[in-house]
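Only a predicted model underlies this, so the values are computations on that prediction, with no experimental measurement involved.
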Amino acid sequence: MSCSIDEPTMTVAEKRAKARAVHVGFCCKCKTTKSTIIVRYAEYCDPCFLIALDSKFRTALRNARPYRVVTPENVMLAFSGGSSSRSLIHLFDVFHSLPPEVVSNKQQPKIYNDIHVCHIDESSLFESTIQSQEQTDSSINHNGLPQSTMVQAQSIVAKYGYKFHGVRIEDIYDPEWTDSRCFEAVATLITSLPRDQLVTSGQAPELLSKILPLSTDATFNNKIETPSPDQERPKLSQQEKIEKLKTLLGVCTTLTAREMILQHFKSSLLIQLAKRAKCTILALGDSATRVAIQIIGLTATGRGFSLPHETSLLSNWVQDCKVIRPLKDCLVKELDTYCSLNSLELIERHSANLDWSVKTKGDVKSIKRLTEDFITGLDKDFPSTVATVCRTAAKLTPPEVTYENKCPLCLGPVQEGVQEWKERITVTTAPPDSSNNATNVSDGCCSSNGAVCCGGGANNGSASSCLPPLSKDQDSVATLPFSSLLCYGCLTNLRDLDLKSMSSEDSQEGSLFVLPPYVAETILDRSGYSSLEDYKQPTSSSRDPRESLREQIKDFLIDSDDEDEV
């Protein structure tokens with residue numbers, strides 16, 4: 001039989017909806033009340049819709065907690081202010097508000113002990129500058145900063161009696177939000193090529209990092225100033241943190257890079273908030289629509305390796321804290337309707353708009369926004385699109401990697417051989433004077449191609465860099481690898497940075513931007529340094545962490561002289 005577009009066809013969802021419905025226009029559950037809500041060809045009345053959504057939520061919680069509950073755990077709910085996270089708080093309250101006879105039953109213990117709610121305030125990034133906000137936005141506080149969403153979020157959580165934890169997005173530059181909670185240093189990036197060769201070179205240069213004290217003067221002067229024991233280092237003000245964050249986002253030449261970096265910062269803060277509150281579970285309000293958008297977007301940005309961890313119902317990647325997504329089977333349309341039926345208050349302006357200072361023609365678009373338009377537009381005519389994408393990605397199994405091997409920027413798993421594989425598949429053009437460039441870059445480096453620094457040269461007296469000798473002001477700062485520590489997604493995302501704003505080997509100026517302390521702490525940990533004090537030692541007396549490992553296994557090594565004698 002030949003195919004014809006005029007021939008009427010019914011999808012599986014339409015057939016099931018037709019089989020469930022007694023009469024068209026009536027609820028498919030009670031079958032006695034006229035329907036008011038249509039979701040995926042299924043018609044519901046208001047009470048039956050609330051019951052169906054609550055049933056989806058409870059089923060997801062059971063699937064995320066397959067083992068028997070012995071002791072109740074603490075859970076942290078991430079609340080951004082939108083309909084998804086707002087529904088998450090209300091559904092947890094309905095689920096946790098059990099009758100007394102059920103609570104007292106020993107055979108059905110409580111799954112969750114204490115419920116905490118955290119909120120990340122992004123109001124400092126609502127506009128490009130404070131001056132533009134003073135002209136257009138009337139919600140400015142007495143300090144000249146934009147009106148915070150913290151107060152509104154705290155008032156919403158107070159109605160449920162949950163413990164509230166709030167933090168501003170610019171506080172990512174606070175040493176308190178690191179694993180050690182006192183890492184007072186940031187990371188700056190430099191390139192392995194001079195500025196005059198960044199344009200002519202056909203291959204992306206190796207990015208190296210330097211760990212500098214967390215102070216405005218020391219960061220931009222690229223010097224280390226060790227204070228006296230009785231002198232405390234001045235802390236950054238709130239305005240200085242905002243400037244550092246905006247400077248870092250301003251270096252990104254595309255909107256996709258900005259959104260990805262900001263998402264990494266928020267994920268790091270959420271993890272720290274959950275650990276500080278002693279919560280072993282972090283619940284995110286990601287809906288099925290958002291998960292489908294993430295699946296396509298993360299695949300397009302090269303994050304397929306960590307895709308199971310970032311979109312699954314249960315992720316065990318975060319150490320000492322499980323990440324769950326109980327709303328993974330609920331559409332964003334269902335959650336919007338749920339908030340409307342329960343008259344739940346939302347924070348209208350809760351997410352940052354990063355369109356400022358992006359130079360482009362026409363509408364500013366990112367991969368995330370293009371994917372969102374694609375999924376939502378396709379879902380109007382094909383309601384099974386979101387469910388199909390989510391079910392397909394759910395078949396992926398998380399990779400077996402150790403937590404110590406994590407990316408400094410996104411804190412996700414890192415695949416082996418990422419940089420070598422990226423070099424093989426990247427099409428580049430040879431520089432005009434390839435002989436001179438190869439000599440300048442690969443001199444004293446064990447790398448064969450010269451574009452990738454191995455981190456094992458000894459030209460500058462330090463075993464952690466292959467660059468030429470540093471100046472007198474920089475001789476106490478050892479360069480550490482950065483590109484080789486990143487996952488493929490972050491390595492691809494950094495190509496959208498303005499490399500000219502970084503310092504190069506023939507420049508004494510510091511980078512115009514700095515990475516937060518948690519990035520610098522992870523770089524030191526991955527490079528083998530035990531503490532910041534160990535890294536601060538002069539390069540002439542400091543030791544390569546690999547040398548200590550070599551001494552530990554020296555008894556198992558065979559010297560070349562012994563081989564000749566044999």
_Test your reading of the model: is there a side-chain donor-acceptor pair from R325 to the backbone of G285, 3.5 Å cut-off?_
no

_side chain to side chain contact (heavy atoms under 4.5 Å, CB included), that's the test. Do C118 and L77 meet it? Break it down for me._
CA-CA 6 Å; C118 62; L77 309 181; over 6 Å; no

*Name all residues meeting the salt bridge (Lys or Arg N to Asp or Glu O under 4.0 Å) criterion together with D174; count only those two or more places apart in sequence or in a different chain, and write none if there are none.*
K241

*Donor-acceptor pair, S527 side chain versus L480 backbone, under 3.5 Å?*
no

_Within the 4.5 Å heavy-atom criterion, are F482 and L494 side-chain neighbours or not?_
yes

*Okay, side chain of T178, backbone of P175: is any donor-acceptor separation there less than 3.5 Å?*
yes

*Test E416 against N405 for side chain to side chain contact (heavy atoms under 4.5 Å, CB included), laying out the working first.*
CA-CA 10 Å; E416 296 293 339; N405 190 23; 3.5 Å; yes

*Return the set of residues passing ring pair (Phe, Tyr, Trp, His ring centres under 6.0 Å) with H350 (not counting sequence neighbours), or none when no residue passes.*
none

*Any chance the rings of F92 and Y162 have centres within less than 6.0 Å?*
no

*For F164, enumerate each residue passing the ring pair (Phe, Tyr, Trp, His ring centres under 6.0 Å) test, keeping only those at least two apart in sequence or located in another chain.*
none

*Residues two or more places apart in sequence or in another chain: which of them pass salt bridge (Lys or Arg N to Asp or Glu O under 4.0 Å) with D373?*
K365

*Sub-4.5 Å side-chain heavy-atom contact between L236 and K244*: yes

*Side chain proximity check, S268 to W177, heavy atoms < 4.5 angstrom*: no

_H165 NE2 to F79 CZ distance, which is reported to the nearest 0.5 Å_ = 14.5 Å

*Mind checking the NE2-CG spacing from H119 to L269? Nearest 0.5 Å is all I need.*
12.0 Å

*Report the C-alpha distance between L270 and L282 in whole Å, list the side-chain angles of each, state the deciding distance to 0.1 Å, and finish with yes or no for side chain to side chain contact (heavy atoms under 4.5 Å, CB included).*
CA-CA 8 Å; L270 290 176; L282 174 62; 4.1 Å; yes

*Any side-chain heavy-atom pair of L497 and T253 under 4.5 Å*: no

*Does the side chain of C321 reach to within under 4.5 Å of the side chain of T280, using non-hydrogen atoms?*
no

*asked:* Can you list everything that forms a ring pair (Phe, Tyr, Trp, His ring centres under 6.0 Å) with W317? Sequence neighbours excluded, please.
replied: H309, Y403

*Report the residues that fulfil salt bridge (Lys or Arg N to Asp or Glu O under 4.0 Å) with E345, sequence neighbours left out, ordered by chain and then residue number.*
K159

Enumerate, atom names and distances included, each donor-acceptor pair closer than 3.5 Å involving a side-chain atom of residues 330-339, sequence neighbours excluded.
residue	atom	partner	partner atom	Å
K333	NZ	I38	O	3.1
E334	OE1	K56	NZ	3.0
E334	OE2	K56	NZ	3.4
E334	OE2	L331	N	2.9
D336	OD1	S83	OG	2.5
T337	OG1	K333	O	2.9

_Tell me which one of E243, K246, E170, Q238 satisfies side chain to side chain donor-acceptor pair (under 3.5 Å) with S124._
E170

_Minimum-distance pair of heavy atoms, taken over all atoms of I296 and T371_ = CB-CG2, 3.4 Å

_Nearest-0.5 Å distance, CG of residue L262 to CZ of residue R258_ = 10.5 Å

*Roughly how far, to the nearest 0.5 Å, is NZ of K322 from CG of D320?*
9.5 Å

_Distance-minimising heavy-atom pair for L396 and P308_ = CB-CG, 3.9 Å

*Under 3.5 Å: donor-acceptor pair, side chain of S148, backbone of M150*: yes

*Would you please test T149 and S123 for side chain to side chain donor-acceptor pair (under 3.5 Å) and show each step?*
CA-CA 7 Å; T149 59; S123 58; 5.5 Å; no

*asked:* Taking salt bridge (Lys or Arg N to Asp or Glu O under 4.0 Å) as the cut-off, I'd like each qualifying pair that reaches into residues 291-303, sequence neighbours left out, listed once.
replied: R303-E310

*Can you tell me how far SG of C410 sits from CD1 of I261, rounded to the nearest 0.5 angstrom?*
11.0 Å

_So which atom in Q152 and which in S155 form the shortest heavy-atom distance, rounded to 0.1 Å?_
O-OG, 2.6 Å

*For R526 and L485, work out which heavy atoms get closest and say how close.*
NH1-O, 3.3 Å

*Interatomic spacing from CG in L284 to OG in S84 - rounded to 0.5 Å*: 11.0 Å

*Can you sort out the partners of K266 under salt bridge (Lys or Arg N to Asp or Glu O under 4.0 Å), two or more places apart, ordered by chain and number?*
E122

*Would you say the side chain of V167 lies within less than 4.5 Å of the side chain of Q272, judging by non-hydrogen atoms?*
no

*With no hydrogens and no angle check, is any side-chain donor or acceptor of T385 less than 3.5 Å from a backbone partner on F382?*
yes

*asked:* I324 vs I281, test: side chain to side chain contact (heavy atoms under 4.5 Å, CB included). Steps then yes/no.
replied: CA-CA 7 Å; I324 63 174; I281 298 177; 3.6 Å; yes

*Determine yes or no for a side-chain-to-main-chain donor-acceptor pair under 3.5 angstrom, with S366 supplying the side chain and L255 the backbone.*
no

*Check whether any side-chain N or O of S85 sits under 3.5 Å from a backbone N or O of G81 as a donor-acceptor pair, and report yes or no.*
yes

*Using the ring of each side chain (for Trp, its six-membered ring), is Y173 parallel, tilted or perpendicular to F265, with breaks at 30° and 60°?*
perpendicular

Side-chain donor/acceptor pairs under 3.5 Å, residues 512-523, sequence neighbours excluded:
residue	atom	partner	partner atom	Å
Y518	OH	L409	O	2.6
E521	OE1	D179	N	3.1
E521	OE2	S180	N	3.2
E521	OE2	S180	OG	2.8
T522	OG1	Y518	O	2.8

*For residues 289-302, which residue pairs qualify under side-chain hydrogen bond (donor to acceptor under 3.5 Å, both in side chains), counting only residues two or more places apart or in two chains?*
D286-R290

*Answer whether the closest heavy-atom distance between the side chains of L91 and L327 falls below 4.5 Å.*
yes

_Between L524 and L532, is there a side-chain heavy-atom distance shorter than 4.5 Å?_
yes

*Of the non-hydrogen atoms in T311 and I295, which two are nearest, and what is the gap between them?*
CG2-CG1, 3.9 Å

_Partner set under ring pair (Phe, Tyr, Trp, His ring centres under 6.0 Å) for Y488, not counting sequence neighbours_ = W421

*Sub-3.5 Å donor-acceptor pair from the side chain of Q154 to the main-chain atoms of V151, do we have one?*
no

*asked:* Exactly one of V157, V75, I156, L88 should register a side chain to side chain contact (heavy atoms under 4.5 Å, CB included) with V117. Which one does?
replied: V157

*Minimum heavy-atom separation for A185 to I211, with atom names?*
CB-CG2, 3.6 Å

